[in-house]
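Residues take their numbers from the sequence shown, with the count starting at 1. Keep in mind that the numbers below use all heavy atoms, side chains included, and drop hydrogens, waters and symmetry copies.
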Amino acid sequence: MIGKTYTTMLGGRELSIETGRLAKLVSGSVTVRYGDTMLLVTAQAREERSTLDFLPLTVEFEERHYAVGKIPGSFHRREGRPGEKAILSARITDRQIRPLFPKGYRQETQVIITVISADQQHLPDVLGPIGASAALSISDIPWEGPTACVRVGQIDGDYVINPTVDQLSRSTMDLVVAGTRDAVMMVEAGAHSVSEDALVGAIEFAHEGMQGVISLIEQMKAELGREKFNFLAEGDLSTDIVPELAEKARAAGLRDALLTAGKKERGVRTKALRDGIIAGYEPDPDAEGAKERITALKNAFYKVEKQELRRLIIEDDLRADGRNSRTVRPIWIEARPLPRAHGSAIFTRGETQVLGVATLGTERDELLVDDLTTEDNDRFLLHYNFPPYSTGEVKRMGGQSRREVGHGNLAKRAIRAVLPDFESFPYVIRVVGEVLESNGSSSMATVCAGTLALMDAGVPIRAPVAGVAMGLVMEGERYRVLTDILGSEDALGDMDFKVCGTAEGVTALQMDIKVGGITPQIMREALSQAREGRLHILGKMAEVLAAPRPELSPTAPRIVSVKINPELIGKVIGPGGKQIRELEAMGAQITVEEDGTVRIFSAQAASADAVRAKIESLTREAKAGEEFDGTVVKTTPFGAFVNLYPGQDGMLHISQMSEQRVNAVEDVLNVGDKLRVKIAGIDDRGKIDLIRPELEGKIAPREPRGPRPGGDRGGRPPRRD
């Protein structure tokens, strides 16, 4: 028998991990199956050390359309670069496995996750991290796992492990949690304003639920795991010299330099202090070997810097910009800075600034989705842009980075929870967050700026949303939770915990932990402190815009909805689309649904109203008793045909034209004459009989026309075969 399969129960369904059958030349290879969703996951590393000064780890999430029996919709009919869903799935795996590579490990390492079967009910994004954990655990790659990953939903108040797609549609939260045997390492969530206690309960439930998977991978490692190859971490002068360097730095005024107000000024002063100390060790930077020694000294100084900043936080509750642990940086906001955008706002918090812009469009602007999900469109788009000038740097600009996709998705989940439904607000909505300055938490500033831009545009969101990034510094049993962290505090701290929500509850959350684990008590404290910071920010936002503007922005287009009889859709479209083209030539875009809903989109309200009037006229259905000022369009020996409104005529019989006998229709009416008429009746063929209102009761009413000969054969005589 080729290969070996390990199984366990997860969320009431069997999870199987097979190895030894597919992709056997790679260091670690497994196939994960859950329902009819299957993933092939491989892990491979180069044995030679990279010259880079960071871990060159890449995680690829490859979606194959054959997994759902589809041919790709691209021009070449083959899969192209990863879509947003694949990038986000890869990031979940990366954030789970990256912290567990040994310190100093610099071998180029690649994990490739390929979705080879997808049943569109059991989502593959949480299976990828499980496969990566298993592949790395049984490989010869040094890695300190295993880990596992699960999704948690809350349906009717109960937590559910790995809910199906159908169950997720009824869930109040979509929470993804990754962890080791003892600790939670990564959390990502979207929610409908749920409480902080409900989230902590879900995280604890998830960690307990993943233990069986971790045990399974531990069994695989014990039975099949290869011996890990040795790697050499380069000798680090910085470790030995740190105490001596710390003493010199403190004597030279490191504390004052680190507490300098302003990111740029602080950096300049700290760099000058560092370079002065290093010059005492290496007076000639061009001497043989000096470059390597200077690099090591710089690394040592960074450790000293980190130690001093952490000490100031733990012992003195003092941060680099002078705040204490609970204070949010100063905030200023400007609404509608852009005169032509549908909605815009600038949100500035300390040295982080984001321009939020909202644009409203029609269904023709919706994003077409071509991935392995059952969704085929997306009507809410949020794009996060992080140009190099936002950090005062020069870098090559290309396509959107994975970081930009991830940060944009977090902001998107935060705001999506409060958007109106499409039926009540039939616009496709795009929000763009342009990061203009960045010193920590630009994704949270995007949530605030995006919310303000939507309210400025007049989008009737259910409640304003704000976001705040929390940090953590732990030294043994002592710790401090930090509100609204700086970029440096993200780097030196032990947790990056982003929390978004309304005044009522949390709508999105993302947490990455760099230490062995935090207790539920610390997590509750962080969420409570985040709520305090979020309410403060919401208060500042309310000073500028407390609610959506009562009317759409003057520059925003108008969408007018009209409901017509589905049987009359043909009148709106016309033969070969002629009628709808004529309508759109009046200055509007038109979409027609099968249920008879017609949406008219125009930049000018007057154009939208004119098109609506025309459509109502084309599809108007006459009713008995209605009166019209009509025009005679045709005369016959038995009566006159009168146009009531465009596309609809009625017949005024010769007997209903006058109190006296009329010998010829032309004696009373001629083509072009105008007269007031009333609908006396409508027969089963839709034919309209008219009377003159002023003659009612003065002449005998005409007998109604009977059913058409031939019944439902349209009035034609029965066919003779």
Side-chain angles (χ1 to χ4, degrees), residues 332-348 353-368 377-385 387 400 404 408-409 411-436 443 445-467 502 541-561 584 586-591 599-612:
W332 74 264
I333 297 166
E334 181 183 348
R336 197 166 292 181
L338 307 183
R340 296 301 302 168
H342 300 162
S344 60
I346 296 173
F347 179 87
T348 306
Q353 183 180 74
V354 174
L355 170 64
V357 186
T359 308
L360 307 180
T362 69
E363 290 169 271
R364 298 184 184 185
D365 298 309
E366 65 189 16
L367 176 68
L368 301 180
N377 62 66
D378 191 351
R379 290 169 174 161
F380 175 50
L381 316 174
L382 193 147
H383 298 143
Y384 167 96
N385 297 323
Q400 193 176 29
E404 288 174 302
N409 182 67
K412 179 178 181 178
R413 297 181 86 171
I415 295 175
R416 186 194 286 276
V418 299
L419 292 179
D421 58 71
F422 189 74
E423 285 67 32
S424 62
F425 191 75
Y427 287 89
V428 171
I429 301 171
R430 183 189 186 218
V431 171
V432 176
E434 298 283 0
V435 181
L436 308 181
S443 61
T446 298
V447 173
C448 301
T451 296
L452 289 162
L454 288 171
M455 292 197 294
D456 179 56
V459 177
I461 62 174
R462 288 189 281 274
V465 181
T502 65
M541 293 166 61
E543 292 175 7
V544 179
L545 275 177
R549 298 192 189 277
E551 300 290 337
L552 280 182
S553 166
T555 59
R558 268 47 181 176
I559 290 183
V560 178
S561 294
E584 291 193 332
M586 297 170 65
Q589 292 181 16
I590 300 169
T591 60
R599 294 192 178 94
I600 307 155
F601 177 94
S602 176
Q604 302 295 329
S607 297
D609 290 341
V611 173
R612 176 176 61 182

Output, in order, the C-alpha distance, side-chain angles, deciding distance and verdict of side chain to side chain contact (heavy atoms under 4.5 Å, CB included) for Arg599 and Thr362. CA-CA 9 Å; Arg599 294 192 178 94; Thr362 69; over 6 Å; no

Could you tell me whether the side chain of [X] and the main chain of [Y] form a donor-acceptor pair under 3.5 Å?
X: Thr555; Y: Ala341; value: yes
X: Ser344; Y: Ala453; value: no
X: Ser553; Y: His342; value: yes
X: Lys412; Y: Phe380; value: yes
X: Thr451; Y: Pro464; value: no
X: Glu584; Y: Ile590; value: yes
X: Arg413; Y: Ala411; value: no

I want to check something: taking the side chain as every heavy atom from C-beta on, are [X] and [Y] in contact at a cut-off of under 4.5 Å?
X: Val357; Y: Val431; answer: no
X: Val354; Y: Glu434; answer: no
X: Leu355; Y: Val432; answer: no
X: Ile461; Y: Met455; answer: yes
X: Ile346; Y: Trp332; answer: yes
X: Cys448; Y: Met541; answer: yes

Arg558/Ser602 under side chain to side chain contact (heavy atoms under 4.5 Å, CB included): CA gap, chis, key distance, verdict: CA-CA 5 Å; Arg558 268 47 181 176; Ser602 176; 5.7 Å; no

Out of curiosity, Leu552 CG to Leu360 CG, how far, rounded to the nearest 0.5 Å? 6.5 Å

Got a second to check how far Glu404's CD is from Thr446's OG1, nearest 0.5 Å? 10.5 Å

Of the non-hydrogen atoms in Gly361 and Phe601, which two are nearest, and what is the gap between them? C-CE1, 3.7 Å

For the student: nearest non-hydrogen atoms of Ala466 and Val447, plus distance: C-CG1, 4.0 Å

Return yes when atom CD of Glu334 has more than 12 non-hydrogen atoms of other residues, nucleotides or ligands closer than 6.0 Å, and no otherwise. yes

Stepwise, does the side chain to side chain contact (heavy atoms under 4.5 Å, CB included) test hold for Leu454 with Ile415? CA-CA 10 Å; Leu454 288 171; Ile415 295 175; 3.6 Å; yes

Atom pairs and distances, donor-acceptor, side-chain atoms in residues 419-430, under 3.5 Å, two or more places apart:
unit_1, atom_1, unit_2, atom_2, d
Asp421, OD1, Glu423, N, 3.2
Asp421, OD1, Ser424, N, 2.8
Asp421, OD1, Ser424, OG, 3.1
Ser424, OG, Asp421, O, 3.1
Tyr427, OH, Pro557, O, 2.9
Tyr427, OH, Ile559, N, 2.9
Arg430, NE, His383, ND1, 3.0
Arg430, NH2, His383, ND1, 3.1

Going by salt bridge (charged side-chain N to carboxylate O under 4.0 Å, His left out), name the pairs with one or both residues in residues 602-612, residues two or more places apart or in two chains. Asp609-Arg612

